[in-house]
Amino acid sequence: MALMRPLFASGLRCTRRMAMPGPATMLESLLLGWPEHPRLEALLRDARSSISAPLRLVGIAGLAARGETPAETRDEVLELCGFWSGLDYADRPLALHLLIKYWKDDETLITGAVDMLEQRQYRSVWEFTDAKAYLLHCSTDQHKVRQWLQRELEKPRSINIIGLDNVWTRVGLFAKDDPRLLEPAIASWNQPELRMMHLREIVGFVQSVRAVGFATS
């Protein structure tokens, strides 16, 4: 395996300016496999300023893991979540993952996500499902997120889970910590049509909140 380290490093040195996924894959392999490689930090910093969106994202991920999480990087990662970011569809979840991991509970991100979802600001940099996923992965003591979630649960159609996974697991964690969310959450499950739509999520919700009061018929 040690023989591969010079290969990855030299390959990146030759290709890191190319706007193609190959260099990003090589850098990510080096980052995950040999995080202490002596040339890795220099490669990450060079990737950080690349014209290639995938390469730039891997550079950001590597530097964030080293504690470099300035606000301008946060804003760039949010832009990389977008449809026109230059990332392939399969790569965009990594950008969202970085937001959740390194900028969790960020006041600017929370405010922007709530505004996008409630005011339907279509010029917002947020994607609809990403905004919802980010909020649901915030800490359960975030007051602004709790308020948004309560308003969502009290809507006639409750929370929309299209395009998302484990939504009700996260809702259950919030409801467990806030009694004001528990009643509307259970009321949603007691609506037969919504229960059928969200049935695959019920196990996660029950395990999270460990509540009683569900209709059984």
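Residues: numbered from 1 along the sequence shown.
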*If only atom types and distance count, is the side chain of Ser50 paired as donor or acceptor with the main-chain N or O of Asp46 below 3.5 Å?*
no
*What closest approach, in Å, do Lys176 and Ser208 show between heavy atoms, and which atom pair accounts for it?*
CD-O, 3.3 Å
*asked:* With side-chain contact (heavy atoms from CB on, under 4.5 Å) as the criterion, how do Trp148 and Lys132 come out once you've worked through the C-alpha distance, each side chain's angles and the decisive distance to 0.1 Å?
replied: CA-CA 10 Å; Trp148 162 77; Lys132 191 171 293 186; 3.9 Å; yes
*Rounded to the nearest 0.5 Å, what separation is found between the CG atom of Leu117 and the OG1 atom of Thr129?*
9.5 Å
*asked:* Taking side-chain hydrogen bond (donor to acceptor under 3.5 Å, both in side chains) as the definition, give me every residue that meets it alongside Glu68, ordered by chain and number, with sequence neighbours left out.
replied: Arg45
*Within-4.5 Å side-chain heavy-atom neighbours: Cys138 and Ile110*: yes
_Is there a continuous path of hydrophobic side-chain contacts, each under 4.5 Å between heavy atoms, that joins Leu173 to Leu153?_
no
_Remaining members of hydrophobic cluster (4.5 Å side-chain criterion), Trp84_ = Phe83
*Heavy atoms only: give me the nearest Cys81-Leu99 pair and the separation to one decimal.*
SG-CD1, 3.9 Å
*Kindly compute the distance separating OG1 (Thr169) from CD (Gln207), expressed to the nearest 0.5 Å.*
7.5 Å
*Would you mind reporting whether Leu43 and Leu31 have side-chain heavy atoms less than 4.5 Å apart?*
no
*Decide, yes or no, whether a salt bridge links Glu76 with Arg56 under the criterion of side-chain N to carboxylate O below 4.0 Å.*
yes
*Can you see which heavy atom on Ser85 is nearest to which on Arg92, and at what distance?*
OG-CD, 4.1 Å
*Closest heavy-atom contact between Leu98 and Trp103?*
O-CE3, 3.4 Å
_Please give me the minimum heavy-atom distance between Tyr134 and Asp106, naming the atom from each residue._
OH-N, 3.0 Å
*Determine, using the 4.5 Å side-chain heavy-atom cutoff (strictly less than), whether Leu32 and Leu44 are members of one ILVMFWY cluster.*
no
*asked:* So does Ala90 get a backbone contact from the side chain of Asp88, meaning a donor-acceptor N/O pair under 3.5 Å?
replied: no
*Quick one: CG on Leu109 to CG on Asp130, what's the gap to the nearest 0.5 Å?*
11.5 Å
*Does some side-chain heavy atom of Leu181 sit less than 4.5 Å from a side-chain heavy atom of Val171?*
no
*Flag side-chain contact, heavy atom, 4.5 Å: Gln150 against Phe174*: no
*Using the six-membered ring wherever Trp is involved, compare the ring planes of Phe205 and Trp168 and label them parallel, tilted or perpendicular (cut-offs 30° and 60°).*
perpendicular
*Closest contact, heavy atoms only, Trp34 versus Leu40*: O-CD2, 3.8 Å
*Does Leu149 reach the side chain of Leu135, with side-chain heavy atoms less than 4.5 Å apart?*
no
*With sequence neighbours excluded, give me every salt bridge (Lys or Arg N to Asp or Glu O under 4.0 Å) pair touching residues 140-151.*
Glu107-Lys144, Glu118-Arg151, Arg146-Asp178
_Rounded to the nearest 0.5 Å, what separates atom NE2 in His137 from atom CZ in Arg170?_
5.0 Å
*Nearest-0.5 Å distance, CG of residue Leu63 to CD of residue Glu41*: 7.0 Å
*Compare all side-chain heavy atoms of Leu96 with those of Glu127 and state whether any distance is below 4.5 angstrom.*
no
